[in-house]
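Structure record follows, encoded as structure tokens.
Bear in mind the structure is a predicted one, so any value in this text is a computation, not a measurement. In what follows, chains carry the letters A, B, and so on, assigned in the order in which the sequence lines appear, proteins first and then strands, with residues in each chain numbered from 1.
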Number of protein chains: 2
Amino acid sequence: MDQKESVPTVPRRRAQGLGRERILEACLNLATGTTPDALSFRKIGKELGADPTALYRHFADKDELLLALADKVISMGMIGYVPAPDWEESLRDLMLRIRSSFLQYPQVATLAALRVTGQGGELQFVEAMLSALALAGFSRHEAALVFRACGDFMLAWTGFSAGLLLLGQKSEQDDAAWVSSYDQVAEHDFPLAVTSVREMAAVQDEENYQFALELLLGGIAARLQH
Amino acid sequence: MDQKESVPTVPRRRAQGLGRERILEACLNLATGTTPDALSFRKIGKELGADPTALYRHFADKDELLLALADKVISMGMIGYVPAPDWEESLRDLMLRIRSSFLQYPQVATLAALRVTGQGGELQFVEAMLSALALAGFSRHEAALVFRACGDFMLAWTGFSAGLLLLGQKSEQDDAAWVSSYDQVAEHDFPLAVTSVREMAAVQDEENYQFALELLLGGIAARLQH
DNA sequence: ACCTGAACACCGTTCAAGT
DNA sequence: ACCTGAACACCGTTCAAGT
């Protein structure tokens, strides 16, 4: 009630100050979409209406900014998650929702897929995964191994997919070149490759991930029956 | 025998000319090791004793150079491959040998894991994979789906692993930070994560890939039994 | 026909200077 | 306490000029 605390707690106080939260918001805005280098300091600065180097006042370097962004993206992906009665359903849900959250911000996904944030969102995800694996009946040791396999499977493939999104039309050119180059190959030398190239090139990344995920989950289930 | 053709065909003719082969060799030399940006045009030029921009005389751009490099690496990985009597053994072999060939040149792996070379090495790999899947009894359509799942699993994870190699000690710092940050978390809130973090962090990437690969192969085998 | 070197538009990061 | 702007050492790529 005195002069110091009389400033009302309306959200717009210190609106022109930078602050970590405002910076992270601006970064997520920029990271929607598939522009490579969308997250350069110069572009973030422009988005914020501030000098690029002002960011160093709030984050030690690009790395720290990136990890904070990544954890935010994981947290957003965990919103609304509820464990299913079936452990396999929970695993599937987790490995789809974090992936799709990352793919909304491809630039964050490519840069942070191989990093450990060590922060809240990641903790939620890890706890949920381990909980599902415990429910499945895995021992603590086995659960740790299966978690790493699943987690890195998801992160590796998500980084891969995000890279494809950022490649954009270059990736489509690759697929076209795949078909046309195999068409010029002697069918006698590579009969299976030449016959199947169209079918293989037609597979879209998202269905491919889901198919591989089912294979992986199938392998995990098979492992439970000794 | 006349003056034009009298130059002996010893290997050292046009030794100072650049040529695609010499450039590719120099690139592979530079790409051994885990230096990020080892394959910049300026560094390649230095390695060759030529101006960086001279490369544009032999490759349209960095992309074309990269695809040629990637295909060379795949070809090297296929050397000595012989199909096993067991289809599962062949798949495993292929998905380990191409990975390990790429990981000898991490810089090539990160840059080219999500590209299609459309060239000879890739053709050999694709044909060998499809051949193993046909032996397993998969239909043409199913084989195409399983190939894409296996191929992209291998490429995605290999790109992931190469990225870890290039991160170097930063990646080790991440693992250390993983353990220490979870140690500061209330065990009541995240009991499983806090209990298992050491065990999870201890898993090495190579064993992790091999474990996940076995799960995937298990899932494929399970799928064959309807 | 092939190579050179200056130049352009970008990076992340540092640091002295401003307010 | 926070922000600015010039500077540094890098990128890939283009282009006029050399031989």
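Stem list for DNA chain D (at least 3 consecutive Watson-Crick or G-U pairs, distances under 3.5 Å): C:4-8 with D:12-16, C:12-16 with D:4-8.
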**Study point:** Residues T110(A), L165(A); criterion side chain to side chain contact (heavy atoms under 4.5 Å, CB included); working and verdict
**Key:** CA-CA 10 Å; T110(A) 21; L165(A) 289 176; over 6 Å; no
| Passes salt bridge (Lys or Arg N to Asp or Glu O under 4.0 Å), K72(A) versus E25(A)? Steps please. | CA-CA 10 Å; K72(A) 209 172 168 65; E25(A) 287 302 330; 3.8 Å; yes
* Asked: Run the side chain to side chain contact (heavy atoms under 4.5 Å, CB included) check on R92(A) and E214(A) step by step: do they pass?
  -> CA-CA 8 Å; R92(A) 181 181 294 111; E214(A) 293 309 319; 2.8 Å; yes
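Atom CZ in R42(B) sits about 12 Å away from atom C1' in dT14(D), given to the nearest Å. One can place CZ of F41(A) at 12 Å from C1' of dT14(C), the figure rounded to the nearest angstrom. Going from atom CD1 of I44(B) over to atom P of dC3(C) covers 15 Å, rounded to whole Å. Put simply, OH on Y56(A) is 17 Å from C1' on dA16(C), counting in whole angstrom units. Across the protein-nucleic acid pair, L39(B) atom CG and dG12(D) atom P stand 9 Å apart, rounded to whole Å. Separating the CD atom of Q107(B) from the C1' atom of dG12(D) is a distance of 14 Å, rounded to the nearest angstrom. In this entry the distance linking CG of L55(B) with P of dC3(C) reads 9 Å, nearest Å. Atom CD of E64(A) and atom P of dG12(C) are 16 Å apart (whole Å).
Look at H58(B) and you'll find a side-chain N or O under 4.0 angstrom from OP1 or OP2 of dC3(C). Checking the phosphate oxygens (OP1, OP2) of dC10(D), no side-chain nitrogen or oxygen of K43(B) falls inside 4.0 Å.
Inter-residue side-chain proximity for V73(A) and Q104(A) is flagged as unmet; no heavy-atom pair is nearer than 4.5 Å.
Side-chain polar atoms of E187(B) and Y182(B) form no donor-acceptor pair below 3.5 angstrom. Side chains of R99(B) and S161(B): a donor on one and an acceptor on the other come within 3.5 Å. For the residue pair W157(B) and N208(B), no side-chain donor N or O sits within less than 3.5 Å of a side-chain acceptor on the partner.
For K62(A), taking side-chain heavy atoms from C-beta onward, the closest of the listed nucleotides dT13(C), dC11(D), dT13(D) is dT13(C). For D61(B), the side-chain atoms get nearest to dT13(D) when compared with the rest of dC3(D), dT13(D), dT13(C).
Here R57(B) contributes atom CZ and I23(B) contributes atom CD1; the two are 11.0 Å apart, rounded to the nearest 0.5 Å.
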What N/O pairs connect the protein and nucleotides 4-6 of chain C at under 3.5 Å? Give each pair on its own line.
{"unit_1": "dT4(C)", "atom_1": "OP2", "unit_2": "D51(B)", "atom_2": "N", "d": "2.6"}
{"unit_1": "dG5(C)", "atom_1": "N7", "unit_2": "D51(B)", "atom_2": "OD1", "d": "3.2"}
{"unit_1": "dG5(C)", "atom_1": "N7", "unit_2": "D51(B)", "atom_2": "OD2", "d": "3.4"}
{"unit_1": "dG5(C)", "atom_1": "O6", "unit_2": "T53(B)", "atom_2": "OG1", "d": "2.9"}

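In this structure a side-chain-to-backbone donor-acceptor pair under 3.5 Å is present from S181(A) to A177(A).
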